[in-house]
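Position 1 is the first residue of the sequence, and the numbers go up from there. Note: hydrogens, waters and symmetry copies are ignored here, and every other heavy atom, side chains too, is used.
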Amino acid sequence: MEQVSEEGVMQGHRFTCYFHPFCLVVIIVAIFVADTLTHYEVAMPVLYTVVILYAALVIRRGYIGLLTLICLALTGVSFFFTVRGNIPSGLINLGLSTAAIVITAFLSFRMLLAKDLALSTQERLARITTAQTLSGLTTSIVHELNQPLAAVTMSSQACKRWLSLSPPDFERARNALSRIDADATRAAAILSRMRALTKGGTPEAQRFSLGQAVGEVLAMLRGRLDQHGITHRFVEMHDPVMAFADPVQIQQITGNLLSNAIDAIIATKQAGGHIETRIWLEEGHACCRIEDNGVGIPPGLAAHLFEAFWTSKEEGTGIGLAISRNLVEANKGQIWVMQDQKKGTAFCFRIPASVSRSGKEEG
């Protein structure tokens, strides 16, 4: 079947290659004969402009000049062999026809040049878009892997400290190794999800405990919270809050929002930082709200928060919230920022809740 299809395509291509030149020859001959047999007063050579316009669509640009010369030559030959009509009128028509042919050829050249320029521009734009996509993907991967890899580094340093004690604290070292294993597994899962997204893959939705997923992220960020003296309150209004989404991607979202909250509090350069994470069930959705008392969002900038490569932080990448929005929407959810905060910021997102076999929301 494939051989038949390829042969059919090749035959069609050969037919097209022969068809257009044949049509041009037929049209040119017809115009030449009609111009020769009619009176001088009939400006039949003007029809050569149709030949040039048709040729501009079906043949290469390099042949347009040759075709124009042929049309001009046939116009002169036809005038020489015409025997009927008024010669002065024929000379006027000859001049007008020649001018029309030359102008049409010039415009055809300009049209083909513009077409080539447009194709070249499209190719450059395609290359630029590809480069930007790769750059954005690289930034996204680096941003997403930063958290678990930083946690691996902290756990490995802690493990070294426990083992360097005399006597060594094997229990704490074992716990640190467990955290390293968990964070390395999470980093691998993030890479797998990012690769699936670039290939158009869908999230691996499953039933999971949103509270447990958020708790694991909080445990990973506990070191940063303690380092900067930030207190955290976790409230689960429904026990348990069961969601139906990709748990790794939801942890990515939660980690981004919590990291942003920590950065916002650090930017205030004041003590007494506080973050509250609240999750609950509402109208078939598992909801999460992360609120901080950091620097907040300047008025009028909230609309840009989820735009890629836009950031209000001096050393920010501008990709975290854009990734979070894409991940939430990929899991059939929504994310937004609260506008009623006097101080600090509150981000909320919701994803589909898991339902029991009876069709009711659990919790």
Side-chain angles (χ1 to χ4, degrees), residues 2-137 200 307-309:
E2 293 181 357
Q3 293 179 352
V4 174
S5 177
E6 291 177 358
E7 291 178 359
V9 171
M10 292 299 296
Q11 290 177 357
H13 179 69
R14 287 195 293 268
F15 175 76
T16 302
C17 292
Y18 293 128
F19 175 75
H20 292 308
F22 176 76
C23 287
L24 287 173
V25 172
V26 170
I27 296 173
I28 290 174
V29 171
I31 295 174
F32 176 77
V33 172
D35 185 29
T36 304
L37 297 179
T38 55
H39 292 74
Y40 284 120
E41 290 84 348
V42 180
M44 189 64 66
V46 173
L47 294 180
Y48 285 123
T49 58
V50 177
V51 174
I52 296 173
L53 291 175
Y54 177 68
L57 298 176
V58 298
I59 66 175
R60 297 178 181 177
R61 186 177 62 193
Y63 294 117
I64 298 297
L66 177 61
L67 183 62
T68 302
L69 292 177
I70 292 174
C71 291
L72 291 174
L74 291 177
T75 300
V77 172
S78 177
F79 180 85
F80 179 78
F81 284 106
T82 301
V83 295
R84 291 182 294 177
N86 184 270
I87 293 180
S89 298
L91 290 173
I92 295 175
N93 287 336
L94 177 64
L96 293 176
S97 298
T98 301
I101 293 172
V102 173
I103 293 173
T104 302
F106 174 75
L107 294 177
S108 298
F109 269 113
R110 294 293 300 270
M111 179 183 69
L112 292 175
L113 287 173
K115 182 179 178 181
D116 292 343
L117 179 61
L119 291 175
S120 176
T121 303
Q122 288 179 353
E123 292 177 358
R124 288 199 300 269
L125 287 175
R127 289 195 295 269
I128 293 173
T129 301
T130 301
Q132 290 179 340
T133 301
L134 291 175
S135 176
L137 176 59
E307 295 179 4
F309 305 109

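With hydrogens and angles ignored, the 3.5 Å screen pairs a side-chain donor or acceptor of Ser78 with a backbone N or O of Thr36.
Residues Ser97 and Val46 share a closest heavy-atom pair of OG-CG2, 3.4 Å. Residues Ile52 and Ser108 approach most closely at CG2-OG, 3.6 Å, considering heavy atoms. Closest heavy-atom contact between Thr38 and Thr82: O-CG2, 3.3 Å.
Of the inter-residue distances, the one linking Leu53 atom CG with Tyr48 atom OH reads 15.0 Å to the nearest 0.5 angstrom. The OG1 atom of Thr49 sits 6.5 Å away from the CG atom of Leu47 when rounded to the nearest 0.5 Å.
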Can I get a per-line list of side-chain donor-acceptor pairs under 3.5 Å for residues 64-77, giving both atom names and the distance, sequence neighbours left out?
{"from": "Thr68", "atom 1": "OG1", "to": "Ile64", "atom 2": "O", "distance (Å)": "2.8"}
{"from": "Thr75", "atom 1": "OG1", "to": "Cys71", "atom 2": "O", "distance (Å)": "2.7"}

